[in-house]
Protein chains: 2
Amino acid sequence: MNSRKQQVINRAHQLFIEKGFQATSIQDILDYSGISKGTFYNYFSSKSELLIAIFTSLSQRIDQERNELLIGQDPSNKEIFIQQIELQMEFNQKHKLLTLFEEVFVSNDPFLKDFLNQMKMMYIRWIYNRLVDLFEESMRPFLLDCAIMFTGMLHNNIHFYFLAHPSLRDFRKVIQYSVNRLEGLVVDAAKHGEHLLTPSIWDKWLPGCPTFEEGFKKKLANSINELKMEIHDGKRIELLDFIQEEVTHSKIPRKFLIEAVLSSLENQQETGWNRKLDSLRDMIGRFFAGQEAI
Amino acid sequence: MNSRKQQVINRAHQLFIEKGFQATSIQDILDYSGISKGTFYNYFSSKSELLIAIFTSLSQRIDQERNELLIGQDPSNKEIFIQQIELQMEFNQKHKLLTLFEEVFVSNDPFLKDFLNQMKMMYIRWIYNRLVDLFEESMRPFLLDCAIMFTGMLHNNIHFYFLAHPSLRDFRKVIQYSVNRLEGLVVDAAKHGEHLLTPSIWDKWLPGCPTFEEGFKKKLANSINELKMEIHDGKRIELLDFIQEEVTHSKIPRKFLIEAVLSSLENQQETGWNRKLDSLRDMIGRFFAGQEAI
DNA sequence: ATCTATTTTATACCGGCAGTTCAATTTGTG
DNA sequence: CACAAATTGAACTGCCGGTATAAAATAGAT
């Protein structure tokens with residue numbers, strides 16, 4: 001992307017953080033980023049489109065940062081989950097994401113509204129997928145409800161906690177508390193066997209975003225963790241981490257690279273290792289087959 | 001209030017429901033309600049002030065309707081609580097209250113913002129007070145947290161449930177589910193003895209809205225219920241219900257009327273009844289004393 | 001019925017907004 | 001240098017919330 005355009009995005013974002021979206025006029029943006037009106041409308045067709053560019057950029061950043069915490073870690077580790085939420089909340093606060101979101105959500109621009117709705121959905125889906133990682137498979141049918149309730153609880157807790165203690169910046173405590181309640185919530189919902197929604201609704205809400213990929217990521221992480229348990233060879237650990245990173249975070253994972261790394265790993269055989277490595281290779285093979293089928 | 005002014009309020013509210021607040025121009029309101037610009041600014045100093053008039057009117061209505069469900073009922077009855085929430089949610093939907101709220105919440109008008117913040121607080125406080133009615137006294141220290149989490153859960157549940165089933169209008173199911181989870185939440189929080197906020201924060205959040213009144217209402221309801229248990233005389237039940245209604249719902253309860261009713265009740269003595277009636281009279285006396293002290 | 005005071009109306013006006021258009025200018029590139 | 005692309009900035013449209021005001025309608029009191 002044009003660096004000038006990127007700079008306009010950054011400057012405008014800064015203004016939106018300070019003054020809000022509605023209260024920032026295009027003239028303000030022109031003055032602050034030192035471009036002319038003609039250039040602005042050359043870059044963006046409207047103020048809304050600029051905002052979408054900002055959200056898209058931020059969304060990619062937080063997604064990446066969030067997932068980086070998971071590299072080489074056990075996805076069922078609650079501590080990692082808490083760290084991810086903490087990261088997300090600090091990110092929200094730093095960039096006034098929720099404020100901008102609320103301000104603009106009820107908008108006359110239907111395109112913008114759809115866009116924000118989808119972002120909201122993807123946020124819930126992320127939480128849901130992480131809950132699938134965190135809890136037993138038998139809980140899965142209840143975890144969409146729990147993800148929805150958890151986000152509601154968490155955001156309300158944060159909102160009112162900071163209203164009561166404006167000076168504190170202690171997200172950690174609120175998140176820990178909310179996650180503790182979440183655990184009770186999951187067992188309670190499962191105990192009573194009650195549903196509101198079932199995870200199958202994802203096909204309707206986010207079609208074309210197959211959740212099998214998410215399940216795959218979890219299995220991949222487990223498999224790689226198992227392999228790492230049995231070696232203490234820094235180089236091979238790096239290679240395994242690279243595979244995980246490449247498969248889970250690249251938009252288009254480079255198949256040839258991953259296969260090369262797998263081959264390289266196979267050359268250094270050890271007892272019991274070979275079988276697990278084969279199973280990893282199988283899994284990745286099925287993943288690429290599934291991707292190409294789409 | 002001027003009936004013409006009230007009509008403008010109604011017409012404008014209708015437009016806000018249909019098109020939203022921002023998207024409705026003052027000219028729209030003038031055309032739709034058939035007044036001139038001069039008259040509008042004679043009634044309201046700004047568009048925001050008109051909105052505040054709408055919110056104030058609606059807030060009084062929902063408060064009254066909500067409390068009417070409680071007359072002559074046991075405040076610890078969960079079914080009544082569910083009915084109240086159901087009423088509130090249908091009211092919200094009918095008048096697009098939450099939508100208007102969100103749309104306007106991030107506003108440049110600081111007065112409007114404060115006003116809406118206070119409405120939000122009063123909503124949480126109402127939930128909190130009802131939870132105090134519903135659960136054991138020992139749970140009270142955890143009930144503010146639970147009220148905050150419950151509203152978050154409930155609103156998210158409703159939002160996503162209706163997104164999944166747009167045709168259904170079945171608030172009941174979602175509310176029942178949310179209340180079921182709430183019960184688990186309360187025991188869970190109490191079991192772990194964890195806090196985020198303590199109810200003492202109310203002094204800071206809504207100063208001058210003493211919660212003793214709320215506690216009084218509960219005690220009054222209990223006392224009146226006890227009295228009603230021992231009689232099956234329709235006329236006296238009506239009189240007791242009148243007292244409860246007058247004290248809890250009138251802005252300025254008419255002391256002389258209540259005293260007259262109490263005297264009338266005392267004339268019809270029965271065994272064991274007199275003592276409880278005296279205690280009721282004492283309680284009401286202290287209430288008025290407290291009110292006058294403010 | 002008449003006089004007076006208030007309310008209502010209609011219209012023009014203000015500054016500011018998002019967005020369009022376009023001719024002139026600058027900049028990058030071979 | 002020359003040519004194309006990007007950039008500029010001012011003028012313009014139509015809408016907004018809000019102000020100002022003179023004329024007309026209405027209501028109330030005598």
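Just so it is clear, the structure is predicted and the values come from calculations on it, not from any experiment. Lettering of chains follows the sequences in order, A, B, ..., and the numbering in each one begins at 1.
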Exercise. Is there a donor-acceptor pair under 3.5 Å between the side chain of Asp63(B) and the backbone N or O of Ser59(B)?
Worked result: no
Exercise. Counting only N and O atoms by type, is there a donor-acceptor contact under 3.5 Å from the side chain of Asp145(A) to the main-chain atoms of Leu197(A)?
Worked result: yes
Exercise. Ring centres of Phe115(B) and Phe111(B) under 6.0 Å apart?
Worked result: no
Exercise. For Asn10(B), which residues count as a side chain to side chain donor-acceptor pair (under 3.5 Å) partner, sequence neighbours excluded?
Worked result: Gln6(B)
For this session: Examine dT9(C): is either OP1 or OP2 under 4.0 Å from a nitrogen or oxygen in the side chain of Arg4(B)? Give yes or no.
Result: yes
Under 3.5 Å, which donor-acceptor pairs do the side chains of residues 11-21 of chain B form with other protein atoms, sequence neighbours left out?
{"residue": "Arg11(B)", "atom": "NH1", "partner": "Tyr32(B)", "partner atom": "OH", "Å": "3.2"}
{"residue": "Gln14(B)", "atom": "NE2", "partner": "Tyr32(B)", "partner atom": "OH", "Å": "3.0"}
{"residue": "Lys19(B)", "atom": "NZ", "partner": "Asp28(B)", "partner atom": "OD2", "Å": "2.9"}

Seminar exercise, completed: Between CG of Asp28(A) and C1' of dG16(C) the distance, given in whole Å, is 11 Å
Seminar exercise, completed: Tested for side-chain hydrogen bond (donor to acceptor under 3.5 Å, both in side chains) against Gln84(B), the lone hit among Arg130(B), Glu65(B), Glu68(B), Arg66(B) is Arg130(B)
Seminar exercise, completed: Residues of residues 29-47 of chain A with a heavy atom under 4.0 Å from any atom of DNA chain C, listed by number, are Lys37(A), Tyr41(A), Ser46(A), Lys47(A)
Seminar exercise, completed: Outermost contacting nts on DNA chain D, any atom under 4.0 Å from chain A heavy atoms, listed 5' then 3', are dT7(D) to dG9(D)
Problem set entry | Set of residues satisfying side chain to side chain donor-acceptor pair (under 3.5 Å) with respect to His155(B), sequence neighbours excluded | Tyr123(B)
For this session: Scan Ser48(A) against the nucleic acid and name what it touches under 4.0 Å (heavy atoms): base, sugar-phosphate only, or nothing.
Result: nothing
For this session: Using salt bridge (charged side-chain N to carboxylate O under 4.0 Å, His left out) as the criterion, list what pairs up with Arg172(A), not counting sequence neighbours.
Result: Glu79(A), Glu86(A)
